[in-house]
Peer 1: 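First the structure, which I've put down as structure tokens, then a few questions once you've had a look.
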Amino acid sequence: MIKRHKLIVLCLIMSVVLAGCGKSKTPVQSETSFLMDTVATISIYDKKDKDIINQAFKRTTEVEDLMSKTIAKSDISNINKNAGEKGVKVSEETYNIIKKALEIAEKTDGAFDPSIGPLVELWNIKETEDRNWIPTEEEIEAAKTLVNYKDVELSNGEVKLLKKGMKLDLGGIAKGYGADEVRKVLEANKVESAIIDLGGNIFAMGSKYNDEPWNIGIKNPDSSESDYIGIVGVEDKTVVTSGGYERYFKIGDEIYHHIIEPETGYPAKSEFKSVTIVGDNSMLADALSTSIYILGLEKGKELISSIKDVDVIFLTTDDIVYVSKGLKDNFVLKNEKLQLKELD
Ligand code: AMP
Ligand code: MG
């Protein structure tokens, strides 16, 4: 009799463990990998099944294989190789992401431009590095003539770059897309509590173990990795930040970073130290954070007001943190040197 009782208790415990119900305080599984040119970490708080993370990383590899400009067989490499010659048939996914990127280009008057490739290659800004040269004025002018989203043609599943030497670069939007795709994989596997981090493109799925919002730290661009300007509380939202501090080199006092202003051909002289977008779609948030970093405060505000369900945290170069209304009660400033204002 006692034996039977013990067996029932054991079965109950086992079924709870196997079903993995309930959210844990710490991740029940977490993995980091280098992909899409960045460090990616997936942490799951409610389901212990390694296959889920494997499926998620497999999905990001598929996205990278289509969208990377350095993988020779990718859709993007194919398009770039045939620039000025012919249109290239691409996967539906690549087609749709380029379409989205062109819509954002249109909306931002070309501040965001997925044909930025020639300028990105010319500047060749990788990780924070020691460097003492910049491209010449002539080189920059020449590359600028090859950057224009209006010369990207989409029709019937084909993409054509109208001028020889043009190059697509989806670095400003693809990580967000990857984060959305990872989220879909986790959702399909009934994961309800997870943090997806694709090189700072965060998707905070569901809520924490106690059903409270996740606390996402917004990095202090002037300081080390673990220092935050503030903490934002979110549930089931993406949090994406762009800033010139992410990849740059310095010559004297001048900083040259990886977000290029198509109009000048130089790294954007931004009014911001960083731009954070909080929303439902990570691809859109990714494109918007890069765009607004270039556009500045006034145009950035205009752009945001034309888009539904998106909130922002802007840190300006004069150390003001602007937080949009929707986040007013969910953001806590963590740096007394900064001034907090509500975005009007
Ligand atoms: P992010 O880190 O998301 O702000 O994106 C920066 C990346 O986007 C760069 O490393 C480039 O690959 C790409 N990029 C740079 N400038 C632009 C631009 N003006 N429009 C679109 N993409 C850009
Ligand atoms: Mg971006």
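Atoms within each ligand, like the ligands themselves, are counted from 1 in listed order. By convention here, the first residue in the shown sequence is residue 1.
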Peer 1: Of all N, O or S atoms in Asp286, which has the smallest distance to the Mg ion (ligand 2)?
Peer 2: OD1
Peer 1: Does the side chain of Lys23 pick up a donor-acceptor pair with the side chain of Ser207 at under 3.5 Å?
Peer 2: yes
Peer 1: Are Val239 and Ile173 connected in a single hydrophobic cluster, I mean Ile/Leu/Val/Met/Phe/Trp/Tyr linked by side-chain heavy atoms less than 4.5 Å apart?
Peer 2: no
Peer 1: Hey, does Ala111 sit under 4.0 Å from ligand 1 if you only count heavy atoms?
Peer 2: yes
Peer 1: Please state which protein non-hydrogen atom is closest to atom 1 (P) of ligand 1 and give its distance, to 0.1 Å?
Peer 2: Thr290 OG1, 3.3 Å
Peer 1: Report the nearest protein non-hydrogen atom to atom 12 (O) of ligand 1: residue, atom name, distance rounded to 0.1 Å.
Peer 2: Asp169 OD1, 2.9 Å
Peer 1: Kindly indicate whether the side chain of Ile79, heavy atoms from C-beta on, has any atom under 4.5 Å from the side chain of Ile98.
Peer 2: yes
Peer 1: The Mg ion (ligand 2) as vertex, arms to O of Gly172 and OG1 of Thr290: angle to 10°?
Peer 2: 100°
Peer 1: Run down the list Glu261, His258, Lys69 and name the one with the heavy atom closest to atom 2 (O) of ligand 1.
Peer 2: His258
Peer 1: Which residue owns the protein heavy atom closest to atom 20 (N) of ligand 1, what's the atom, and how far is it?
Peer 2: Asp113 N, 2.9 Å
Peer 1: Does the residue Pro262 have a heavy-atom contact with ligand 1, meaning some pair of atoms that are separated by less than 4.0 Å?
Peer 2: yes
Peer 1: Above 12 or not: heavy atoms from other molecules or residues under 6.0 Å from CD of Glu85?
Peer 2: yes
Peer 1: Output yes when Lys273 and Asp222 qualify as a salt bridge under the 4.0 Å nitrogen-oxygen rule, no when they do not.
Peer 2: yes
Peer 1: Taking the basic N atoms (NZ, or NE/NH1/NH2) and the acidic carboxylate oxygens, is any pair closer than 4.0 Å for Glu103 and Lys99?
Peer 2: no
Peer 1: Could Asp344 and Lys301 be called an ion pair, given the rule that one side-chain N must be under 4.0 Å from one carboxylate O?
Peer 2: yes
Peer 1: Report the nearest protein non-hydrogen atom to atom 8 (O) of ligand 1: residue, atom name, distance rounded to 0.1 Å.
Peer 2: Gly172 N, 3.0 Å
Peer 1: Could you list which atoms of ligand 1 come closer than 4.0 Å to a heavy atom of Ile294?
Peer 2: 19 (N)
Peer 1: Could you grab the distance from atom OG1 of Thr241 to atom NZ of Lys219, nearest 0.5 Å is fine?
Peer 2: 8.5 Å
Peer 1: So with a 6.0 Å cut-off around NZ of Lys269, is the heavy-atom count from everything else above 12?
Peer 2: no
Peer 1: Do me a favour and list the nearest non-hydrogen protein atom to atom 19 (N) of ligand 1 with residue, atom name and distance?
Peer 2: Ile260 O, 2.8 Å
Peer 1: Considering only protein heavy atoms, which is closest to atom 22 (N) of ligand 1, and at what distance to one decimal place?
Peer 2: Ile116 CG2, 3.8 Å
Peer 1: If you measure every N or O of Ser242 against every N or O of ligand 1, does any of those distances drop under 3.5 Å?
Peer 2: yes
